[in-house]
Amino acid sequence: MTIKMIATDMDGTLLDARGELDLQRLTAVLDQLEERDIKFVVATGNEIQRMRLLLGDLTERMTLIVANGARIFEKNEMMMGIFWQSDLIADTLDYFYGRERDVH
């Protein structure tokens with residue numbers, strides 16, 4: 001059996017308890033995976049901006065499934081994305097207008 005892909009999440013897997021990432025180690029892992037032609041996929045609830053901040057140029061070397069599956073990026077380019085439609089956003093904002101509460 002040949003491994004074709006490895007998928008992981010961020011919190012508690014790639015990120016340590018402080019929410020930090022060992023970029024040097026991840027780079028070495030990606031080097032080995034690429035030598036073996038194995039795709040590396042990160043699935044997360046985070047948005048792409050946060051992933052770019054955490055991973056830097058490494059986003060060019062992997063597939064990112066972000067926003068809980070709403071968008072997929074391959075080598076830092078969006079391949080698929082689902083967004084709220086403008087009328088749904090307007091309806092949602094209208095619904096909550098005036099219902100804001102101060103939280104202390």
Side-chain angles (χ1 to χ4, degrees):
M1 182 162 109
T2 304
I3 296 173
K4 299 283 185 182
M5 176 185 359
I6 294 176
T8 183
D9 67 343
M10 292 295 291
D11 299 327
T13 307
L14 286 182
L15 299 178
D16 63 20
R18 295 178 308 235
E20 296 176 357
L21 179 64
D22 185 342
L23 289 175
Q24 186 175 11
R25 184 174 182 197
L26 181 56
T27 300
V29 168
L30 289 173
D31 291 344
Q32 291 180 24
L33 292 176
E34 288 169 358
E35 285 176 17
R36 294 177 173 97
D37 198 29
I38 299 172
K39 275 187 168 261
F40 187 73
V41 179
V42 175
T44 180
N46 291 307
E47 280 291 352
I48 190 64
Q49 295 85 348
R50 171 132 170 82
M51 299 307 296
R52 288 175 176 151
L53 181 67
L54 287 169
L55 296 166
D57 291 339
L58 293 182
T59 59
E60 299 284 341
R61 300 176 64 186
M62 61 184 69
T63 301
L64 296 167
I65 302 170
V66 299
N68 292 319
R71 285 171 278 295
I72 300 174
F73 288 78
E74 178 75 30
K75 297 182 179 177
N76 211 15
E77 289 189 36
M78 187 164 57
M79 306 309 290
M80 193 270 320
I82 298 171
F83 301 89
W84 283 26
Q85 294 179 1
S86 299
D87 58 339
L88 179 58
I89 294 170
D91 290 347
T92 302
L93 291 173
D94 287 345
Y95 176 81
F96 285 108
Y97 183 78
R99 295 180 184 192
E100 305 90 356
R101 296 185 184 210
D102 292 336
V103 177
H104 298 275

Measure the [atom1]-[atom2] distance between [X] and [Y] for me, rounded to the nearest 0.5 Å.
X	Y	atom1	atom2	answer
Leu64	Met10	CG	CE	8.5 Å
Leu58	Leu30	CG	CG	6.0 Å
Glu74	Ile65	CD	CD1	10.0 Å
Lys75	Thr59	NZ	OG1	12.0 Å
Ile38	Lys4	CD1	NZ	9.0 Å
Leu88	Thr92	CG	OG1	4.5 Å

Transitive ILVMFWY side-chain link Val42 to Met79, under 4.5 Å: no
Co-membership, hydrophobic cluster, residues Leu53 and Phe73, 4.5 Å side-chain: no
Less than 4.5 Å apart, any side-chain heavy atom of [X] and any of [Y]?
X	Y	answer
Arg71	Ile48	no
Asn76	Arg52	yes
Leu55	Arg61	no

side-chain hydrogen bond (donor to acceptor under 3.5 Å, both in side chains) partner of Thr13, the single match among Asp9, Asp11, Asp16: Asp9
Minimum heavy-atom distance Gly69-Met80, with the two atoms named: O-CE, 3.8 Å
Other ILVMFWY residues reachable from Phe96 by side-chain steps of under 4.5 Å: Tyr95
Around [X], counting heavy atoms of other residues, nucleotides and ligands shown, do more than 12 lie under 6.0 Å from its [atom1]?
X	atom1	value
Ile3	CD1	no
Asp37	CG	no
Glu20	CD	yes

Pair Leu26-Asp22, side-chain contact (heavy atoms from CB on, under 4.5 Å): steps then yes or no: CA-CA 6 Å; Leu26 181 56; Asp22 185 342; over 6 Å; no
Test log, rule side-chain contact (heavy atoms from CB on, under 4.5 Å), inputs Val66 and Asn46: CA-CA 6 Å; Val66 299; Asn46 291 307; 5.9 Å; no
